[in-house]
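Sequential numbering from 1 along the given sequence is applied to the chain's residues.
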Amino acid sequence: MALQSLPSSRMAPLAILLGLLMAACFTFCLSHQNPKEFALTNPEKSSTKETERKETKAEEELDAEVLEVFYPTHEWQALRPGQAVPAGSHVRLNLQTGEREAKLQSEDKFRNNLKGKRLDINTNTYTSQDLKSALAKFKEGAEMESSKEDKARQAEVKRLFRPIEELKKDFDELNVVIETDMQIMVRLINKFNSSSSSLEEKIAALFDLEYYVHQMDNAQDLLSFGGLQVVINGLNSTEPLVKEYAAFVLGAAFSSNPKVQVEAIEGGALQKLLVILATEQPLTAKKKVLFALCSLLRHFPYAQRQFLKLGGLQVLRSLVQEKGTEVLAVRVVTLLYDLVTEKMFAEEEAELTQETSPEKLQQYRQVHLLPGLREQGWCEITAHLLALPEHDAREKVLQTLGVLLATCRDHYRQDPQLSRTLASLQVEYQALASLELQDGEDEGYFRELLGSVNSLLKELR
């Protein structure tokens with residue numbers, strides 16, 4: 001009330017005095033406070049440091065817990081969180097208290113016999129030194145046992161086998177020399193090529209040589225020392241047996257061996273084989289020569305082209321038309337079937353691989369086999385061979401007629417003998433196929449032959 005009654009002229013100085021007094025009090029309070037609490041700080045950094053301190057403290061507490069090891073006894077004890085339980089302890093969950101409990105498993109004492117001594121091991125009493133000692137004794141015992149087994153095994157091997165030195169000594173005493181395949185082939189070629197060797201010795205050398213050249217590597221090794229050319233030259237011999245067995249060796253060496261096939265063509269083998277087939281020779285010799293010719297021509301389009309140029313189809317035609325050569329005729333038909341299907345498969349393979357001009361296909365396209373067969377009268381020859389009595393021969397002829405159908409269709413339709421033969425075979429194989437069905441063979445051999453006959457008859461209608 002007293003302040004309100006004061007005039008305004010006196011109120012102004014009092015207000016100024018009051019303001020100064022409050023400022024002095026505020027300054028005094030500031031001077032007595034901790035300056036760190038009012039320092040300019042980065043709140044994010046302070047928060048990060050505080051978090052790191054808390055994490056470090058938590059890790060230290062966790063490490064302390066992890067390092068705490070539980071020592072089990074034969075009585076159940078409660079496990080605290082984080083305690084490490086030794087391996088082999090028995091742990092359970094107490095359903096009444098909800099706590100995990102552990103104790104030692106009840107184990108009987110066992111004995112370990114090492115090197116004639118017994119060591120008692122108790123899980124509660126052994127030390128690290130005991131373990132080291134036991135391990136050392138175990139290794140010693142294992143080494144002794146292994147040594148005994150090795151000695152027994154070595155004694156058994158010595159009893160069953162003799163040392164190589166003793167064998168070599170015995171062979172030397174018997175004048176027996178251990179040879180490689182290459183050395184044997186060189187010796188056989190030298191024996192065959194020697195002018196002092198008798199006919200029997202030459203035939204024996206060729207017979208033995210044929211066994212070795214069946215292997216592809218051995219056949220190629222025959223080229224390295226000129227042995228192949230020596231055998232090819234043997235086809236010029238005046239002795240039919242030498243020609244026969246030389247062709248036998250060549251057929252084995254040519255089989256599926258392109259490198260040897262190329263060398264044989266360059267060495268004049270094809271011309272010599274055709275000459276033998278075109279001249280008067282024993283049937284056994286012609287069988288071996290035809291075998292060599294088939295091995296040389298198969299999967300070798302260049303040789304097939306040379307075969308056509310040298311009149312090979314005419315030679316084979318004359319061969320199958322000879323009396324008493326039905327066995328050779330079947331082999332010739334089989335060869336022609338293989339040559340025709342080879343070219344067909346090469347064209348199909350090129351279509352599947354989408355190659356425009358593969359080298360292999362180009363080589364086969366230069367082999368004009370089907371036109372040559374038509375010109376040389378093979379359409380009629382193969383049709384007449386269907387009259388052979390053997391089922392196996394008929395099967396091969398039917399296969400060949402099938403692959404030649406596109407080329408020889410007109411000839412087949414105009415051949416009344418072929419139509420009669422097919423009709424007769426149809427009746428015969430229907431009866432044989434029925435017998436197969438009665439025996440429970442749904443897909444028998446004669447049923448397949450009947451299918452081939454029916455297919456040809458259908459195409460020729």
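E349 is not listed as a side-chain neighbour of L352, based on a closest heavy-atom distance of 4.5 Å or more. For the pair T407/V340, no side-chain contact is recorded, criterion being any heavy-atom separation below 4.5 Å from C-beta on. A 4.5 Å side-chain heavy-atom check between I189 and V231 finds at least one atom pair inside the cut-off. Side-chain contact between D208 and I184 is absent, with no heavy-atom pair separated by less than 4.5 Å. No side-chain heavy atom of V367 sits less than 4.5 Å from a side-chain heavy atom of L339. Between L293 and F307, some side-chain heavy-atom pair lies under the 4.5 Å cut-off. Put simply, the side chain of F192 reaches to within 4.5 Å of the side chain of V242, judged on heavy atoms. Looking only at side-chain heavy atoms (C-beta outward), Y429 and R447 stay at 4.5 Å or farther from each other.
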- prompt: side-chain contact (heavy atoms from CB on, under 4.5 Å) between V213 and N257: does it pass, once the steps are laid out?
  reply: CA-CA 10 Å; V213 298; N257 203 329; over 6 Å; no

> Yes or no on side-chain contact (heavy atoms from CB on, under 4.5 Å) for L310 and V315, after CA distance, side-chain angles and deciding distance?
Replying inline: CA-CA 9 Å; L310 294 173; V315 173; over 6 Å; no

TODO: Would you please test N236 and V275 for side-chain contact (heavy atoms from CB on, under 4.5 Å) and show each step?
DONE: CA-CA 10 Å; N236 295 327; V275 168; over 6 Å; no

Stepwise side-chain contact (heavy atoms from CB on, under 4.5 Å) check, L188 with L206
CA-CA 7 Å; L188 293 174; L206 290 174; over 6 Å; no

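Using a distance-only test at 3.5 Å, with no hydrogens or angles considered, no donor-acceptor pair links the side chain of E266 to the main chain of E263. The backbone N or O of N193 sits nowhere less than 3.5 Å from a side-chain atom of S197 that would complete a donor-acceptor pair. Of the possible donor and acceptor atoms, one in the side chain of S89 sits under 3.5 Å from a partner among the backbone N and O of P86. At distances below 3.5 Å, at least one donor-acceptor pair connects side-chain atoms of T400 with backbone N or O atoms of K396. Side-chain N or O atoms of S295 include one that pairs as donor or acceptor with a backbone N or O of G251 at under 3.5 Å. The closest donor-acceptor contact from the side chain of T325 to the backbone of L328 lies at 3.5 Å or more, if one exists at all. Looking only at distances, a side-chain donor or acceptor of D415 sits under 3.5 Å from a matching main-chain atom of Q417. The main-chain N or O of K191 is never found under 3.5 Å from a side-chain atom of S194 such that the two would form a donor-acceptor pair. A side-chain donor-acceptor contact under 3.5 Å links N233 to the backbone of Q229.
The CZ atom of F291 lies 11.5 Å from the CG atom of L273; values are rounded to the nearest 0.5 Å. With rounding to the nearest 0.5 Å, the separation of CG in L235 from CG in L274 is 11.0 Å. Interatomic distance, CZ of R187 versus CE of M182, reported as 14.0 Å (0.5 Å rounding). Residue L241 holds its CG atom at 9.0 Å from CD of E200, rounded to the nearest 0.5 Å.
C379 is linked by a disulfide bond (SG atoms under 2.5 Å apart) to C408, counting only residues two or more places apart in sequence or in another chain.
Screening Q363, Q366, H368 against R305 for a side-chain hydrogen bond (donor to acceptor under 3.5 Å, both in side chains) leaves a single residue, Q366.
A side-chain donor-acceptor contact under 3.5 Å links E395 and Y445. When only modelled atom types and interatomic distance are considered, H214 and E210 share a side-chain donor-acceptor pair under 3.5 Å. There is no side-chain donor-acceptor pair under 3.5 Å between Q154 and D150. In the model, Q304 has a side-chain atom that pairs as donor or acceptor with a side-chain atom of E342 under 3.5 Å. With hydrogens and angles left out, the side-chain atoms of E101 and N94 include a donor and acceptor closer than 3.5 Å. Side chains of S434 and Q430: a donor-acceptor N/O pair is absent below 3.5 angstrom, by distance only.
A cation-pi arrangement, defined by a distance under 6.0 Å to the six-membered ring centre and an angle within 45 degrees of its axis, is absent between R317 and W378. In this structure, K343 forms no cation-pi arrangement with Y364, as its terminal cationic atom is not both closer than 6.0 Å to the ring centre and no more than 45° off the ring axis.
Comment: E75 does not engage K103 in a salt bridge, judged by the lack of any side-chain N to carboxylate O separation of less than 4.0 angstrom. A salt bridge links R409 with E459; the closest basic N to acidic carboxylate O contact falls under 4.0 Å. Note on E428 versus R394: salt bridge recorded, some NZ/NE/NH1/NH2 to OD/OE distance being below 4.0 Å. Salt bridge status for E166 with K169: absent, with no side-chain N to carboxylate O gap under 4.0 Å.
The number of heavy atoms from other shown groups lying within 6.0 Å of CZ (R100) does not exceed 12. Annotation: Y71, atom OH; neighbour count of heavy atoms from other residues, nucleotides and ligands within 6.0 Å does not exceed 12.
Ring geometry for F446 versus H391: interplanar angle over 60°, hence perpendicular rather than tilted (30 to 60°). Ring geometry, F300 versus Y302: the interplanar angle falls from 30° to 60°, so the pair is classed tilted.
Pairs passing the salt bridge (Lys or Arg N to Asp or Glu O under 4.0 Å) check and including a residue from residues 267-287, sequence neighbours excluded, read K286-E322.
Among all heavy-atom pairs drawn from R298 and L335, the shortest one is NH2-CA, 4.1 Å.
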